[in-house]
Amino acid sequence: MLRKQALLLVNIGQLLTLHSVSGKVGPRRGRELREVGIIHDGAVLCVGGKIVSVGTTRAALRDPWLNKSRRRFLEIDCRGKVVLPGFVDSHTHPVFVHPRLVDFEKRIEGASYEQIASAGGGIRSSLEAVRAASSSELTEKVSDFLRQTASYGTTTVEAKSGYGLTRDSEIKSLKAILQTAIAWPGTVVPTFLGAHVVPKEFEGRSQKYVESVCKDMVPVVARRKLARFVDVFCDKGAFNGREMEQVFEAAAAHHLEVRAHVCQLSPTPLAPFLRFHPASFDHMDHVSDADISTLAAHDTVATLVPGANYFLGLATYPPARKLIDAGVPVALATDFNPGTSPTISMPMAMSLACTHMKMLPTEAISAATINGAWALRLADRKGSIEPGKDADLAIFDVRDFREVPYWFGANRCYRTILNGTILPEI
Ligand code: NIG
Ligand code: FE
């Protein structure tokens, strides 16, 4: 049985609080991404799944109340390790059954993502198994994924449906996410991605499929409270801007919030969609300069997923420097999925952001924590280590926070605390 007991972490070599120096409300932009609020020799007290106080170990041990109640806390001596806010992985697709190994080999032999998709591989080739799967099979897949992400320091996960693409299989996928979330100590945010691709039975009739998403699926998702967000894959080979608008309109009519996959394979003008107040635009490889300027004046987060570029073997990556330098709020996520990014590791996404997108380690950490929280509209509870926020922390067995993206491919996470529950148990 997992315990949510009072925790006192002491002797933290570097405690990155992500406390905002300016005190400005909103996602972090530009130079703000470099402010990670370091406390040396830090301490954190968590009670009832919430952070109660944050400071130095010296100050904590001098506090008379804390000293008196000390034996009621589980005390964790961090012995100089680094503590970060738990990662917020704001873009994942965990409800699938099989890895796509044939596509993997075809790509090694030279085929592109789009060629594979139009030859019957890609997203469409994952549909049959999800449609046939039992609810418990899907629940097991999602919980395996959550267990693994936590071991890499992730405490909050956005999880999309999108590999069923019929009303029933999308409901089954979202229920698997919700069912898993109940038993999970961390936080899970479900997203409905019925508009992932046009399934085979609607081939050549994408408008009919969009109608089915808008009329048969979105209303039931909203009525049964199966998801917080509605997502759309707007790109070549998936849905166009007009179709994205229709899905956004349906979501808005049913009081669901929106986010979208955009500009991954081809450019799409984004400004017209800002009237729907999307929480996030994800991928952004082909975003235009005009849209970069426009986005700098909005709170829609640009969520970058360099794992997809890495796994597709692309030479180019999303223009993180341009976005950050223009003042667009940027988040990082894994995009965990069987086709383009089979990684559960936020430290790996951060490492790719540093090496291929020229983000500094401080910027990558802000993007993986507080801005991920903004991308899910959970920044009042998640993404920083501050009194009143959820007790979501990741302890890394390193001396310097820059080692987290530096040791790529290795897992240096020692313990993860999810809403006050420590994993693995001590
Ligand atoms: O984010 N782009 C659309 N969706 C996924 C890919 C899903 C898949 O290939 O299964 C992505 O890259
Ligand atoms: Fe995705």
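We count ligands from 1, going down the list as the structure has it; atoms in each ligand are counted the same way. Residue numbers count from 1 along this sequence.
Regarding atom 1 (O) of ligand 1, its nearest protein heavy-atom neighbour is Asp335 OD2, 2.8 Å. Looking only at protein heavy atoms, the nearest one to atom 12 (O) of ligand 1 is Thr340 OG1, 2.7 Å. Atom 4 (N) of ligand 1 has its closest protein heavy atom at His196 NE2, 2.9 Å.
His91 and His261 form a side-chain donor-acceptor contact under 3.5 Å, judged by distance and modelled atom types alone. Of the N and O atoms on the side chains of Thr191 and Glu158, at least one donor lies less than 3.5 Å from an acceptor on the other residue.
Coordination check, His261 versus the Fe ion (ligand 2): passed, since an N/O/S atom of the residue sits under 2.8 Å. Between the Fe ion (ligand 2) and Asp282 there is no N/O/S contact shorter than 2.8 Å.
Listed by number with element, the atoms of ligand 1 under 4.0 angstrom from any heavy atom of Asn337 are 5 (C), 6 (C), 7 (C), 8 (C), 9 (O), 10 (O), 11 (C), 12 (O). Using a 4.0 Å cut-off to heavy atoms of Tyr163, the atoms of ligand 1 that qualify are 7 (C), 8 (C), 10 (O).
His277 and His298 have their aromatic ring centers separated by at least 6.0 angstrom.
Remark: distances from the non-hydrogen atoms of Tyr113 to ligand 1 include one below 4.0 Å.
With Phe396 as the aromatic partner, Arg412 does not meet the cation-pi criteria of under 6.0 angstrom to the ring centre and within 45 degrees of the ring axis. Remark: Lys81 is positioned above the aromatic ring of Tyr414, its terminal NZ or CZ atom under 6.0 angstrom from the ring centre and at most 45 degrees off the axis.
Checked for salt-bridge contact, Glu425 and Arg415 miss the test: no charged N lies under 4.0 Å from a carboxylate O. Salt bridge status for Asp390 with Arg381: present, with a side-chain N to carboxylate O gap under 4.0 Å.
The atom of Asp335 nearest to the Fe ion (ligand 2) is OD1, with the search restricted to N, O or S atoms. Among the heteroatoms counted here (N, O or S) of His91, NE2 is the one nearest to the Fe ion (ligand 2).
Nearest residue to atom 8 (C) of ligand 1 from His93, His91, Arg100, Gln264 is Arg100 (criterion: closest heavy atom).
Applying salt bridge (Lys or Arg N to Asp or Glu O under 4.0 Å) to Asp299 and the options Arg29, Arg28, Lys24 leaves one that passes, Arg29.
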